[in-house]
> 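Sharing a structure below in structure tokens format, with a few things to ask.
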Protein chains: 2
Amino acid sequence: MRVLALPDGFDLTLGGRLILRHRAAAPCLFVGHGDARMDMVRGNFDIEDTLTARLPLPVATVAEDSIGWRITFAVAEGVAPLATLKIIGNQIVPTVADPSLNRFWLRILAEAGEHVWGGGEQMSYFDLKGRRFPLWTSEPGVGRDKSSEITFKADVMGKAGGDYWNTNYPQPTYLSSRKYALHFETTAYSAFDFRHPDYHELEAWAVPARIELFAADRFTGLVSQLSERFGRQPPLPEWVYSGAIIGLKDGDNSFARLEKIRAAGVPVSALWCEDWVGLRETSFGKRLFWDWRANEQHYPNLKAKIAVLKAEGIRFMGYVNPYLCNDGMLFEEAEAAGYFAKDAVGKTALVDFGEFDCGVIDFTNPAACAWFEEKVIGQNMLDFGLSGWMADFGEYLPIDVHLANGIDARLMHNAWPTLWAEVNARAVAKRGQTGEALFFMRAGFTGVQAHCPLLWAGDQSVDFSRHDGLVTVMSGALSSGLLGNAYHHSDIGGYTSLFGNVRTPELLMRWAEMAAFTPVMRTHEGNRPRDNLQLDENPQVLAHFARMVKLWVHLVPYLKSLVADAVATGLPVQRPLFLHFEEDAACYAVQDSYLYGPDLLVAPVWQAGTETRNLHLPQGAEWVHVWSGATFDGGADISIPAPLGEPAIFYRRDSSFAALFRGLTALV
Amino acid sequence: MRVLALPDGFDLTLGGRLILRHRAAAPCLFVGHGDARMDMVRGNFDIEDTLTARLPLPVATVAEDSIGWRITFAVAEGVAPLATLKIIGNQIVPTVADPSLNRFWLRILAEAGEHVWGGGEQMSYFDLKGRRFPLWTSEPGVGRDKSSEITFKADVMGKAGGDYWNTNYPQPTYLSSRKYALHFETTAYSAFDFRHPDYHELEAWAVPARIELFAADRFTGLVSQLSERFGRQPPLPEWVYSGAIIGLKDGDNSFARLEKIRAAGVPVSALWCEDWVGLRETSFGKRLFWDWRANEQHYPNLKAKIAVLKAEGIRFMGYVNPYLCNDGMLFEEAEAAGYFAKDAVGKTALVDFGEFDCGVIDFTNPAACAWFEEKVIGQNMLDFGLSGWMADFGEYLPIDVHLANGIDARLMHNAWPTLWAEVNARAVAKRGQTGEALFFMRAGFTGVQAHCPLLWAGDQSVDFSRHDGLVTVMSGALSSGLLGNAYHHSDIGGYTSLFGNVRTPELLMRWAEMAAFTPVMRTHEGNRPRDNLQLDENPQVLAHFARMVKLWVHLVPYLKSLVADAVATGLPVQRPLFLHFEEDAACYAVQDSYLYGPDLLVAPVWQAGTETRNLHLPQGAEWVHVWSGATFDGGADISIPAPLGEPAIFYRRDSSFAALFRGLTALV
């Protein structure tokens, strides 16, 4: 970066791009003070900031030295500076004179027609321009649409409705169509506001340690840089390529149901039973028993059964989260050792999860981490025979607990998902199973990329809704992918069924059609299995699913090339159209179709009752429709038949995998 | 007021009460700049402020001169002051150095246990402490409760759900239990925040012309002062004492229905037909035709019929609002004369009211006022024989119109209700009918007291709901009453029926029981007359209503004494318990019972399905339950039977009207 001092301010450029344009009448920096009220109801936050001061800093003084520039900012001439920005390489290091200043705003120059992406895993809007995005890890919300009845009811029930910006995985990092990226290095609450035509206003409730900038000539280069910065994932385990992961939570009966599914011709890589720990009856329904070890009553002879399955080429997966229920065995041990986060008087902080209370393992305490890694994940899970698990939660760190590292929980809240990922990754590494044991997370934050081998899209509603249905999975995959999360997948059929909203056969089938073009296919019974259609209850759905898994398996050679790409360059398996077609501006905001690697374009049907997809084919290639063989020039907006079983997929005519893609039509 | 300069700031006191406590570390004054987005949908506003600067002003310099004190404020030592407060008598006059500063915050010292009232006509919370109240005239909202299904639906339909603070009549004035009152003299958007334990933060989107303070030894003295400041109403017309005003909007058929109601023994003072101007068919239903003159088709021979009624001692009332539909005759005349507010290119600004468009009479143009007063109200209404009317609206001034006085419509929006009241009052005065013709308004703002002879509580839902039902009328009466609005009443039975919510017989009867203890009883058919129970449709309801009107008429001698009080002292007819019992702290927050004058305590049943009322009897008097004759010592919380027909009313045992009150039991 370079700074050009001017009589009335300065310009800061990054590889020729104007990033900061500071003038006395239009300052780029503001500092201030706020008192935020933050209420948490089971992972849903009600946050209200009372701003007591917001000080524009119009008076900037630029000094250059051997390592860069130092810009001091004051509220007026003749007054001591309140803030400093040091410019070193591609980093901006801010400091403030008064430690009580806890609000920081930076205005980045915006251009007409600019597009912006990132912000972590964003479920509603892939292109962030025109909206404001608070960045605070939380439950994503039910319905996520304040005009929907479901969201209204969920809000009234427990502030659980959410909004377009709520996400399990926020990250204060964005990419611009001006081919740069920007990252706030802070775990404080932040909010990126892309509504103003002239600037992006980036807000943080602490002074960021650094503001990092990245620039590249091509978008792929930018994504590779971010992937290097935030960390790269290991390749997928070899065993996962043999088929779908089947989610069942039916106790011992899960094994019999798996056999029925296999008998229907479904290639299976693993059986995933989140209820491997047993159940607890609550007035809300059956919940898992949060004491992380196999439950002999619910799953008799589980260890032996896992071995039998494994001999048949099928792995077994489980479930874990960072809490321990206070009526379980592990709780006692952890509490005796002081491994839990504390309350104001130094006792174990108990969190109510709905008729049962839990302690929160304090991941800022290295001894607590080591114990959880060895005892829980090492002995109880990996040594027991688990090949992977859902590493659930990470978003719920209460903001009033006291932690071993002494840092305010409001500053650790956003950091928690990454710490949780690290605990899982270290436990796996200690058993030498990196790239072999596969855990998946919905929560995330800066740096989760280095530790979590697979994201899952969280808890969609079991419907086709715009802000909480099937379509949101694509936005989640594309936004998180640009930040260096190469592998993404979702609960086939969705998860959340509330207020009488239940799965249709059509939904399950459309979801499977999308999932066939993601790196992992995995089913889920949902939150209310008995009320919702299951894979093995409907022969048409099951046969359709078998066919989709066969398609997925057929594409494994291509998928392996994408995994190799991800390892080498950090490019995600699922990619926005513009990543490879950056000259075609019509691709920039597309969020309901995507590239599965460089050569396959996928346009899932995400609305009910339609057998047609409208889509844009990127300019710069010729596209072959897989099922009809019809060839289209890129640059066109087309409408294509997409009946159940024939998802709208296109391959590049010049692809080296063209023969493989053509082979899809031969599958029954 | 007095100012005491201190090394580190200053104290400002009002009759010994500490009002401002300014310290460098805790300033009392902030100025700043904001850009507000304001969207209006039929009188409902969606307002979002983007605050670009909020500057605490810690450095205060106090200078005393012959007329008072002058305090200058700066952001830092050695920097030119940004703001000044001049203290003259009981007024604070603020000014700022930079005219672009459009946000102003003043912190008033708060004390533990303090209560605060006022804010205009507040429908949800009489005691304002603990909440923030934006003060911006608008539709009050439907349901006014974000957790209710009705509010949710109204919000989705047209941002019409509202919230606890939405009101037709806001006013930036409050009274404190510390026995002082404070008023912001500004018509800008403002917000009074009473949430903080240590201070009240008063915000305005312009620098107020003045901040006025009032102090008194007793609350009654404070109310009298405010009434003098904001203006006093004429006495009620003599004709109104003969009975209820019956609202019917059934064209010529209204006369026959009135006869049925009279035949049932209901004393009637007036027939009120808002449809006297005729109807318009829209897809929403029947709407009035907004061309303010009698409609011969809908009301044949109306002038003659009014004369016949008048001879029988019954007046006729109509309806008017400050708009003219562009397909009416008056529009043409007003447009030719340039009487309408203009759009950005100087044409008549048309406002969509739902399948018909209207011009907005520009009340900042004296010629437009004079024309409306003479032609519309004078000739078409008063000369035609109307004895009063609903002067509807006033809250809808669009914020993007251009006005004759050149002032930004965002600054005139709040002023509009008072201008509208003034036009009505002047028109009445020009015909010498002040105190004889009776109009009533729901909209209000500072100064409406001087012009509007009677408030009505706006459009409650036809239900018992906490934030939009029967109970809200009492809060509206008490809060507006403290600011000098002596006369308040409501639509008996409520108004708004949406989404299948309709009137029950119980609601109509309970409403009549409350209305019998207000200065005017008036019925309304509601927004959907055919879907909702009407007075004349149910013999039990009609008989009950007749009895309630007889009670009201019986109390006329007492009511006349209250009207005389109001004229002399400005005390409202309906009074909060604490106004006369200021030593009893349990009275301070009561909003569901009230004093009807000094001697009668009224505790209406405002919930469905109950025949009992719990209430507090103020300490300092003995209270006689009217129906049973039972006597209670004040200071007690009691539970009293209140079946339909026996509203919970108590009189002071030592009242000079005791015999009159006892006489209520003799009425059938």
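So that the names make sense, note that chain A is the first sequence line, chain B the second, and so on, each numbered from 1.
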> Looking only at heavy atoms, which of residues 74-84 of chain A get nearer than 4.5 Å to chain B?
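Interface residues of residues 74-84 of chain A: A:V75, A:A76, A:V79.
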> Pick one of side chain, backbone, both or neither for A:R103, based on which atoms fall under 4.5 Å of a heavy atom in chain B.
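Neither part; nothing is under 4.5 Å.
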> Listed by residue number, which members of residues 142-150 of chain A have a heavy atom under 4.5 Å from any heavy atom of chain B?
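So the qualifying residues are A:K146, A:S147, A:S148, A:E149.
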> Are there over 12 heavy-atom neighbours, none belonging to A:R70, within less than 6.0 Å of that residue's CZ?
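Atom CZ in A:R70 is not packed in, count stays at 12 or less.
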> Any Lys/Arg nitrogen of A:R195 or B:E48 sitting under 4.0 Å from an Asp/Glu carboxylate oxygen of the other?
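Salt bridge between A:R195 and B:E48, a charged N being under 4.0 Å from a carboxylate O: yes.
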> Is the side chain of B:R54 donor-acceptor paired with the backbone N or O of A:L51 at a distance under 3.5 Å, no angle test?
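Looks like yes, one N/O pair under 3.5 Å.
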> Is the CZ atom of A:R23 crowded by more than 12 outside heavy atoms at less than 6.0 Å?
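Result for CZ/A:R23: enclosed.
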> Would you say that A:T52 contacts B:R107 through its side chain, given a criterion of any heavy-atom pair below 4.5 Å between the two side chains?
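Touching, per the 4.5 Å side-chain cut-off.
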> Quick check for you: to the nearest 0.5 Å, what is the distance between B:F152 atom CZ and A:D155 atom CG?
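It is 9.0 Å, given to the nearest 0.5 Å.
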> Under 6.0 Å from the CZ atom of B:R21, do we count more than 12 heavy atoms belonging to anything else shown?
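Incorrect, the count does not exceed 12.
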> Can you tell me how far apart CZ (A:R132) and OG1 (B:T50) are? Round to the nearest 0.5 Å.
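Between A:R132 CZ and B:T50 OG1, I get 8.5 Å after rounding to 0.5 Å.
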